[in-house]
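To start, the structure itself, in structure tokens.
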Amino acid sequence: MPRLTTRAILEASKYDRLLPLLLRECRSLSSAIGELRWLQERAQRVVSPKPMDDRTGGKQPPSGWRRLLKSMCKARSRGVPLQYILGDQPFGELDIKCTKGVLIPRHETEAITFYTAKLIQDRMSCVERDGAAPLRILDLCTGTGCISLLLHSLLSPYFPRLSIVGVDISATAIRLAKENVERNVRLGSLSERALNEVDIQHGDVLGLSSSPLSKLEDLFDRTTSLSPSSGPHCDVIISNPPYVSVEEYHDGTTSRSVRLFEPKLALVPPESTLSTMVESKHVRREDIFYYHIACLATLFKAKMTVLECGSRSQAERVATLCKSVIGKHGYWSGPVLVDVWSVTGFDTGPSAVIVYSPS
């Protein structure tokens, strides 16, 4: 990371004495100014929601907010993510609460979720919208619950019944995701239907594919009143799993702020995963979650599976992996249909792999 020039620091100081603290992490004056504005607004709101009137009839910020703002800026200069300091992150029309120990929602995840909602609306038949059975969605490695909640927000106007289950191995993430359901219903960002149609459960994604079928059937029990089916069924599987390689985590590709403050568990697949694999001798460690999710797609007979990847090159590997795993199980009558969608339009940027049922 290049050092800040004296000129840049002086320019920042002219704007505000606290701005150089933010410049250490933001690296550009415009970004630092934007963050300072957000932090100042939050500091003033925390100290007092009602500023005092001054003698001229104007509004004066409450006293004490500057001290809080300074502590916020110092935390940001140490690399603490802005979302952890502010405590939330916009995600579509939602307000997602963020706490240390749970991965912060990314803009690319938001874009992929919007794209997925559009695909669901375009591809799911009228029969699936008549309310006889809910549209079942499984969100693996749910984290804050942002994907589950945004999908409910986008799809609830078009589907009379939804059953969305978010699964994560982290107890901290489970608690936070449940809070985010209640928070967004309370704020009016989510329909009250979400209280009954979104369920957050503890589970190990890497172990689900080897679980008894009865356990997979039980995943949707809390959000549906259907009688037991002849086997596990799910319409859509979506996931933003850990996909960062060990090399990328340590070589500077992953930012200092992410490495120091966001959970490694949500970024890098655990080292022990490959030792348990029998059928995937050539699967890279950073791709191992996709292998298990592809296996789950076959068990659930998913009509569509959407997988976030860190780059186009990883997405191409994952697409090949999905074709191999799903094709080998052969529960579909036709060939496996796989598409790769780039979030930014550039090959180096984040991408999504979409696997479709040919029927």
Side-chain angles (χ1 to χ4, degrees), residues 89 91-92 94 96 103-124 135-155 164-168 205 234-245 248 253-254 266-269 283-284 286-298 300 302-327 332 335-358:
Q89 168 66 24
F91 199 77
L94 306 177
I96 300 298
L103 193 71
I104 296 166
R106 265 54 173 187
H107 296 302
E108 51 266 27
T109 305
E110 181 181 359
I112 290 170
T113 306
F114 272 104
Y115 186 66
T116 300
K118 184 178 184 304
L119 289 175
I120 291 172
Q121 291 180 54
D122 291 345
R123 295 182 66 89
M124 295 300 162
L135 179 75
R136 293 185 171 192
I137 300 174
L138 186 60
D139 171 23
L140 300 173
C141 307
T142 192
T144 60
C146 58
I147 293 176
S148 292
L149 299 191
L150 185 53
L151 283 178
H152 192 280
S153 172
L154 296 171
L155 296 174
I164 303 176
V165 175
V167 176
D168 205 285
V205 172
C234 178
D235 297 292
V236 179
I237 293 177
I238 186 168
S239 182
N240 175 26
Y243 58 67
V244 177
S245 69
E248 288 174 332
T253 303
T254 303
L267 296 162
V268 183
V283 178
R284 297 188 187 185
E286 60 266 30
D287 299 340
I288 204 66
F289 271 83
Y290 302 111
Y291 173 89
H292 286 273
I293 297 170
C295 291
L296 283 170
T298 66
F300 276 105
K303 296 173 183 176
M304 186 167 70
T305 302
V306 182
L307 305 170
E308 180 173 333
C309 300
S311 65
R312 178 81 184 200
S313 59
Q314 184 178 44
E316 296 289 355
R317 293 197 310 269
V318 171
T320 301
L321 174 64
C322 288
K323 287 179 182 178
S324 172
V325 173
I326 297 175
W332 285 336
V336 179
L337 306 177
V338 181
D339 187 25
V340 175
W341 181 73
S342 174
V343 174
T344 62
F346 299 103
D347 288 348
T348 55
S351 299
V353 172
I354 303 105
V355 184
Y356 303 98
S357 163

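Everything numeric here is computed off the predicted structure, so don't read it as measured data.
- In terms of heavy-atom proximity, V306 sits nearest to A352 at CG1-CB, 4.4 Å.
- Residues Y356 and M304 approach most closely at CE2-SD, 3.8 Å, considering heavy atoms.
- Results of the side chain to side chain contact (heavy atoms under 4.5 Å, CB included) test with I164 over L135, I137, I147 single out I137 as the only residue that passes.
- Here K118 pairs with D122 under the side chain to side chain donor-acceptor pair (under 3.5 Å) rule; sequence neighbours left out.
- For the side chain to side chain donor-acceptor pair (under 3.5 Å) test, no residue two or more places apart in sequence or in another chain qualifies with E108.
- In this view, A294 and C322, V325, I326 satisfy the side chain to side chain contact (heavy atoms under 4.5 Å, CB included) rule, not counting sequence neighbours.
- Looking at heavy atoms from C-beta onward, F300 lies out of side-chain contact with R136 at the 4.5 angstrom threshold.
- Here E316 pairs with R312 under the salt bridge (Lys or Arg N to Asp or Glu O under 4.0 Å) rule; sequence neighbours left out.
- Under a 3.5 Å cut-off, the side chain of S324 and the backbone N or O of T320 do not form any donor-acceptor pair.
- L155 places a side-chain heavy atom less than 4.5 Å from the side chain of Q121.
- Residues meeting the side chain to side chain contact (heavy atoms under 4.5 Å, CB included) test with T344, sequence neighbours left out: S342, F346, P350.
- Looking at P242 and V268, their side chains never come closer than 4.5 Å, going by heavy atoms from C-beta outward.
- In this view, E110 satisfies the side chain to side chain donor-acceptor pair (under 3.5 Å) rule with no residue, not counting sequence neighbours.
- The shortest non-hydrogen separation linking C309 to Y243 is C-CZ, 4.0 Å.
- Here the straight-line distance linking atom OG1 of T305 with atom CD1 of I293 works out to 9.0 Å at 0.5 Å rounding.
- Closest approach of H292 and V205 over heavy atoms only: CB-O, 4.1 Å.
- Remark: R317 pairs with E286, D287 by the salt bridge (Lys or Arg N to Asp or Glu O under 4.0 Å) rule, at least two apart or across chains.
- Listed by chain and number, the residues in a side chain to side chain contact (heavy atoms under 4.5 Å, CB included) with Y115 are L119, D339, W341, I354 (sequence neighbours excluded).
- The two atoms that bring F289 and P241 nearest to each other are CB-CB, 3.7 Å, heavy atoms only.
- For the pair V338 and A319, the tightest heavy-atom approach, listed with the atom from each and the gap, is CG1-CB, 3.6 Å.
- L103 pairs by the side chain to side chain contact (heavy atoms under 4.5 Å, CB included) definition with R106, N240, E262, A266, L267, not counting sequence neighbours.
- Evaluation of the side chain to side chain donor-acceptor pair (under 3.5 Å) rule for S313 yields S311 as partners, not counting sequence neighbours.
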What side-chain donor-acceptor pairs closer than 3.5 Å can you find for residues 138-146, not counting sequence neighbours?
from	atom 1	to	atom 2	distance (Å)
D139	OD2	T142	OG1	2.7
D139	OD2	S148	N	3.4
D139	OD2	S148	OG	2.8
T144	OG1	C146	N	3.3

Discussion item. Working note: E308 + Q314, criterion side-chain contact (heavy atoms from CB on, under 4.5 Å); need CA distance, chi angles, decisive distance, verdict.
Written reply: CA-CA 10 Å; E308 180 173 333; Q314 184 178 44; over 6 Å; no

